[in-house]
Amino acid sequence: MSSLQTLRNRAAVRQDFLCYYCGAAMWLGDPGAYCVRFGISPKRALRFQCTAEHLVARQDNGGDEEDNIVAACRHCNWQRHWPRLPTHKAASPLQFREQVQAEVAQRRWHPKWAWKAGIMAQRQGRSSGFRMEKLLVDEQIQMQLD
């Protein structure tokens with residue numbers, strides 16, 4: 001496992017497997033349990049795959065250090081770095097997080113199916129079924145870290 005993967009896994013555990021920007025429940029490894037839990041297809045689950053996000057980009061001399069890596073869903077990571085979005089392009093991680101949170105508050109950041117499935121309810125603590133899956137993933141990650 002690479003150093004970046006290890007840092008991503010640690011960030012995911014630290015963040016309770018919730019995206020740093022939008023608060024959505026994320027998955028690592030095999031999306032099977034995630035798809036079953038939320039009743040979605042693997043294609044839809046890709047949006048919520050856990051990725052490593054550099055708060056300070058490598059091109060701006062940001063390194064692969066624990067305090068520079070957070071876990072973000074694939075959608076947020078992609079949106080933050082998508083060059084054709086002028087409102088997001090120049091945003092700092094904190095500014096981008098505030099923008100995303102404003103969209104989430106209006107239920108506009110992710111599609112309606114994600115809200116209906118309960119993926120976004122994780123940040124309000126309304127779901128308990130995902131906790132067991134998270135614990136199983138935590139055990140797998142811990143074994144990889146050891």
Side-chain angles (χ1 to χ4, degrees), residues 4-142 145:
L4 186 57
Q5 289 173 320
T6 299
L7 292 170
R8 177 205 57 205
N9 293 353
R10 288 180 182 161
V13 170
R14 233 183 7 256
Q15 294 167 216
D16 214 17
F17 281 79
L18 301 178
C19 176
Y20 177 78
Y21 295 111
C22 71
M26 301 180 296
W27 60 272
L28 273 171
D30 180 4
Y34 187 90
C35 292
V36 170
R37 165 66 182 102
F38 294 110
I40 61 172
S41 69
K43 183 177 179 179
R44 285 186 168 179
L46 280 177
R47 179 184 195 97
F48 300 103
Q49 182 179 15
C50 182
T51 66
E53 167 72 340
H54 288 82
L55 295 175
V56 178
R58 288 176 175 164
Q59 68 188 25
D60 297 326
N61 296 321
D64 290 352
E65 289 105 27
E66 196 152 346
D67 63 347
N68 191 43
I69 303 294
V70 294
C73 71
R74 178 184 272 197
H75 177 71
C76 286
N77 197 334
W78 184 80
Q79 288 292 323
R80 179 166 180 241
H81 300 290
W82 181 243
R84 293 186 222 160
L85 298 174
T87 59
H88 298 160
K89 184 168 83 173
S92 72
L94 185 56
Q95 290 169 327
F96 183 71
R97 188 176 191 184
E98 289 171 357
Q99 291 171 350
V100 170
Q101 290 298 313
E103 294 290 316
V104 167
Q106 299 295 316
R107 291 186 171 218
R108 292 190 302 220
W109 188 248
H110 290 292
K112 290 180 182 177
W113 60 259
W115 291 90
K116 288 180 182 176
I119 294 167
M120 299 305 296
Q122 302 303 309
R123 77 189 308 257
Q124 286 84 26
R126 286 185 258 157
S127 177
S128 59
F130 192 68
R131 173 72 58 196
M132 182 55 71
E133 293 170 24
K134 184 189 146 335
L135 291 173
L136 293 173
V137 172
D138 286 353
E139 288 177 15
Q140 292 171 348
I141 290 171
Q142 191 59 48
L145 295 176

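Residues: numbered from 1 along the sequence shown. What's counted below: heavy atoms across the whole structure, side chains too, no hydrogens, waters or symmetry copies. The shown structure was predicted, so the numbers you read here are calculated from the model rather than taken from an experiment.
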For the residue pair [X] and [Y], categorise the inter-ring angle as parallel (less than 30°), tilted (30 to 60°) or perpendicular (more than 60°).
X: His75; Y: Trp109; answer: perpendicular
X: Trp113; Y: Phe48; answer: perpendicular
X: Trp27; Y: Tyr34; answer: tilted

First locate atom [atom1] of [X], then atom [atom2] of [Y], and finally report the distance between them rounded to the nearest 0.5 Å.
X: Glu98; Y: Tyr21; atom1: CD; atom2: OH; value: 12.0 Å
X: Ile119; Y: Cys19; atom1: CD1; atom2: SG; value: 12.0 Å
X: Glu65; Y: Leu4; atom1: CD; atom2: CG; value: 11.0 Å
X: Cys76; Y: Tyr20; atom1: SG; atom2: OH; value: 11.5 Å
X: Arg107; Y: Lys112; atom1: CZ; atom2: NZ; value: 10.5 Å
X: Glu66; Y: Asn68; atom1: CD; atom2: CG; value: 11.0 Å

**Message:** Taking side-chain hydrogen bond (donor to acceptor under 3.5 Å, both in side chains) as the definition, give me every residue that meets it alongside Gln15, ordered by chain and number, with sequence neighbours left out.
**Reply:** none

**Message:** Evaluate Thr51 against Trp78 for side-chain contact (heavy atoms from CB on, under 4.5 Å), listing each step before the verdict.
**Reply:** CA-CA 10 Å; Thr51 66; Trp78 184 80; over 6 Å; no

**Prompt:** If only atom types and distance count, is the side chain of Asn77 paired as donor or acceptor with the main-chain N or O of Ala72 below 3.5 Å?
**Reply:** no

**Asked** Can Leu46 and Gln49 be said to form a side-chain contact (heavy atoms from CB on, under 4.5 Å), step by step?
**Response** CA-CA 5 Å; Leu46 280 177; Gln49 182 179 15; 4.0 Å; yes

Using every non-hydrogen atom in the two residues, find where [X] and [Y] come nearest and quote the distance to one decimal.
X: Ala11; Y: Ile69; result: CB-O, 3.9 Å
X: Ala71; Y: Met26; result: CB-CE, 3.7 Å
X: His110; Y: Cys73; result: CE1-SG, 4.1 Å
X: Leu28; Y: Ala12; result: CD1-CB, 4.3 Å
X: Met120; Y: Ala24; result: SD-CB, 3.5 Å

**Item:** Side-chain touch Gln79/Gln99, heavy atoms, less than 4.5 angstrom
**Value:** no

**Message:** Is any side-chain heavy atom of Cys35 closer than 4.5 Å to one of Arg44?
**Reply:** no

**Item:** Salt bridge Glu53-Arg97, side-chain N to carboxylate O under 4.0 Å
**Value:** no

**Request:** Begin with the C-alpha distance, continue with both residues' side-chain angles, and end with the deciding distance and a verdict on side-chain contact (heavy atoms from CB on, under 4.5 Å) for His54 and Asp64.
**Result:** CA-CA 8 Å; His54 288 82; Asp64 290 352; 2.6 Å; yes

